[in-house]
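Step one of this worksheet: look at the structure below.
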Amino acid sequence: MSTMNTSAVSGIDGHGDSLWLKAARKFKRDRVGMWALFGVFIYAVIALGVVFGFWGGAWADVTGPKWAPVSAEYWFGTNIIGQDIFARALYSTRTAFEVGLLVAIGATALGAVFGAVAGFFSGTWIDEIIIWVMGVLDSVPFILLVAAIAYSLGGSPWAMHIAMIATFWIGTARLVRGEVIKLKTLEYVEAAHAIGLGKVKIIFRHILPNTFHILLVQATISFVAAIKSEVILSFLGLGVKDGMSWGLMISESTFEVLAGFFNNFIAASVLMFGLVMAFNMFSDALQDALDPRSVK
Amino acid sequence: MIAMTAKARAKSSDILLSVRDLVVEFATDQGIVRAVDGVSFTIKAGETVGLVGESGCGKTVTGLAILGLIPSPPGRIVSGSIELQGQDLTQLSEPELRKIRGSEISMIFQEPMTALNPVFRIGSQMIDVLRRHQQLSKRQAHAAAIEMLAKVGIPDPAVRIEEYPHQLSGGMRQRVMIAMALSCGPKLLIADEPTTALDVTTQAQVIEQIIKLQSEFGMAMILITHDLGVVAETCRQAIVMYCGSVLENAPVTELFAHPRHPYTLGLLGSIPRLQADRQTKLPIISGMVPDLLHLPSGCRFADRCNKVMQQCRQQRPLLGALPDTSTKVACYDPH
Amino acid sequence: MEILQYSLRKLIAGIPLVLGVTLISFLLIVYFGPDKTYDLLGKNPTAEEIAEVRSQLGYDRPFVPRYLEYLHEVITFDFGNSESTDEKVSTILSRTIPVSIALALPGFILGNVLGVMFALLAAYFRGRWIDKFIMGFAAIGMSISFLIAIIGFQILLSSSDGLDLFPVRGWDTSTPLQYLRYVTVPTLATVFIALGYNTRFYRAVIVEEMTRDHVRTAKAFGTPPARLFYRNILKNSMIPIVTRIVFSIPFIVISGSLLLESYFGIPGIGKVTYDAIITGDQPVLKAVVALTAILFVVAQLLTDICYRAVDPRVSLK
């Protein structure tokens, strides 16, 4: 039980290193988590390769015949107008990371700030207003919100990203708010008050860093949600406007599958499934490793 | 075979419970933790035994093991026996154990606030237990429950029985737990820190109530506690546990007059006394309780003991009777 | 009587939410929304013509009166006529909502009932292979896009490359058999996806209840497993489970079926909403948004009443 004492002590001066070290050690022992991380890494390499122009650059070129089968030249075949599905699938990986990262960072940052402020001022009108905003945004159907934001931005390609950030931050903010309400009664926060630190400084320097374990897990969850939403929004014509994505590939493929040509559909589905699955498992393992309730 | 051993022990026929070489292990991420390591003791009918030690020393796990309630996985009873009147509980099937739980042996827990089911009335929970173990009609069980509530000192039991746990105070809830535990007339009550979560005045009342009912019902009791004061007041026999094993097992009067194990001595030393000189500091046991994952190979207390010898670090001293006393101690050089 | 009073109080407390949702949607859809002026004008309009159309559409009026007008529409639930079909919006809703319910209900019920059942199984055999199997399956379900599941089931069951048992798309409820033929594939896709999320959520809830102190107490008093499960675990887990189920209702009715309906060409409210999004049909969009907000407040009220029924600690005060 001495281990419990030390973790309780290190909890007071901020999480200290011990929680993160312990989490890292626990994560390394999690075989599924490590494999998942490896999978995400491979996808990230593919995406970076597209960014630096190593591959996937020819996604828009019509290079082959219509519906060419899988061959040495066209690894995944070609689509209805003869574009290389392999190049398109690779390029879409980049799009997925772009959407996922932007939304994850945006939503997590927004959730952290509003959650921390609401939690710190819990019981006051500031908290009430933030809760009200969260309730309101939660009650607007997601797809309608995307459409509405797209309208008001005059069909901007960023409407999808903004709409996702505008909804995904809420879950994070709720968790952070709850944690901050717990944290602000701890001694070190009261000590910070006592020595006269400003509220902003207390929130962002002393409280928020201690919710980082929540933010990390929430960011992975937002990442996955963004990738999954992109597919549906792109299919509905509300998603990726210029460029190529798994959602657009699947949308394209809905005509092809009825004609018995599955390459486009399978390539996008399988690649997307792999990334989402790997990220989900990574997220789970991370959550396990960071869960303070799991003893040792 | 079993009949033979039972008979052999029958000469001390008043032995109710006999725990022998009990070993309980838990699987954790970092390896196997041995929470109880070779614990042995006996309890006579009607006797009160205090199981004392710091939190995490295995006393609660021992209590749970007696009822077969070790959460499994990750825990399991690795070896040893727990005999209730000659019947080995570790060999019983789950349905057989269920017949014993709450009727032959009852257990009450530390947290009265959460130990009762919040969504059922206390009457419903008590009647549930009564009718499970006894052939009672609903009406009879209801009457019996009210009677038990009155016995544990709950005013207006006929009204209270219709209430939900959250409507009662902590002390009242613990009384309800006691009423439930005693309702089927168990031979043994395991009380796991029954008063720790209560405020001080309530603590005294609840302990008093337990002792009164215990003599009235003539049952034996294992009182699990870290409070030596409570043990001095209530128990005949005390068992001192440390890191999963028994260090000393002695009659309470003996234990307080002549603590034999250095750890017991340390424990007794850290109780504040009113008469003592205000100037002297309370003696404390230096060092920390070792991690159960990395126990020393010799005596578990060696690192904190001021009398430690070479031998202590090499081989664990076994619990043995001290000549001319009824004290058993696990130390090479007892006081 | 107490319930009635409570409900009234709750509904009044829900007004800020409805106000907020209508405000946001009004701002985005109408105030900053697409300018319809030129849709109504011929080629080369004069300045007077433009001004006339703008005043017809109310664009020349300040924000507050226009928003109040929308609120008036919400209260009377009269949103005027659809801009694309000129049908009365309330008529459209009353025609399409039953279709959406008929489409979504089987999947909704199956997804939750099976979800709870699998979750109970997994929780009961926690850590054993059966738990790992169920949770592995749930993880796969969670990682597949709804769209991919829809297309996948369509290929498997409705196309000539698959079993070819069901119609590819469309909707027909003239006979129960026809209904079954059309509802099966969308339902399978829904259940497949919902099961992943539901099973995981419900298992977490049930496992949490299983480790509560009162469960240990009940065990210590010899409660047999079936009774323990019912009295100590299931009844206590009902609160989060019911909350999740009730709160998913507004989305099921309004937008949950949007993808299904537009993919399979089913004339429900999801399809109507999607068409309204594409054409910028403001009266329909305003109605859908307002309806969702109101359903949300009602859902909140329903869960509170359910809490009261399950948990004696919650009082209606």
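Lettering of chains follows the sequences in order, A, B, ..., and the numbering in each one begins at 1.
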Heavy atoms from other residues, nucleotides or ligands near CD of E216(B) exceed 12 (cutoff 6.0 Å): yes
Where on I108(B) is there a heavy atom nearer than 4.5 Å to chain C: the side chain, the backbone, both, or neither? neither
Pick from A181(B), P186(B), P95(B) with the largest number of heavy-atom pairs that fall under 4.5 Å of chain C: A181(B)
Region of S124(B) in contact with chain C, defined by heavy-atom distances below 4.5 Å: both
With a 4.5 Å limit on heavy-atom distance, are the side chains of D128(B) and R227(C) in contact? yes
Surrounding CZ of F77(C) (heavy atoms of other residues, nucleotides or ligands, distance under 6.0 Å), is the total greater than 12? yes
Picking from I190(B), L97(B), L69(B), I100(B), which has the most non-hydrogen pairs under 4.5 angstrom with chain C? L69(B)
Is there side-chain contact between K219(C) and P71(B), with at least one heavy-atom pair below 4.5 Å? no
Name the member of H214(C), K235(C), R216(C) that forms the most heavy-atom pairs with chain B at distances under 4.5 Å. H214(C)
Measure L67(B) against the heavy atoms of chain C and call it side chain, backbone, both or neither at under 4.5 Å. side chain
Within-4.5 Å side-chain heavy-atom neighbours: F221(C) and Q125(B): no
Is T114(B) close to chain C through its backbone or its side chain, or both, or neither, when contacts mean heavy atoms under 4.5 Å? both
In this structure, are over 12 heavy atoms from other groups packed under 6.0 Å from Y124(C) atom OH? no
Counting only heavy atoms closer than 4.5 Å, note whether V129(B) contacts chain C via side chain, backbone, both or neither. side chain
For Q167(B), is it the side chain, the backbone, both or neither that has a heavy atom under 4.5 Å from a heavy atom of chain C? neither
Please answer whether the main-chain N or O of E111(B) pairs with a side-chain N or O of D213(C) as donor and acceptor at a distance below 3.5 Å. no
Within a reach of under 6.0 Å around CZ of F137(C), are more than 12 heavy atoms found that belong to other residues, nucleotides or ligands? no
Have T223(C) and R132(B) got a donor and an acceptor in their side chains that come within less than 3.5 Å? yes
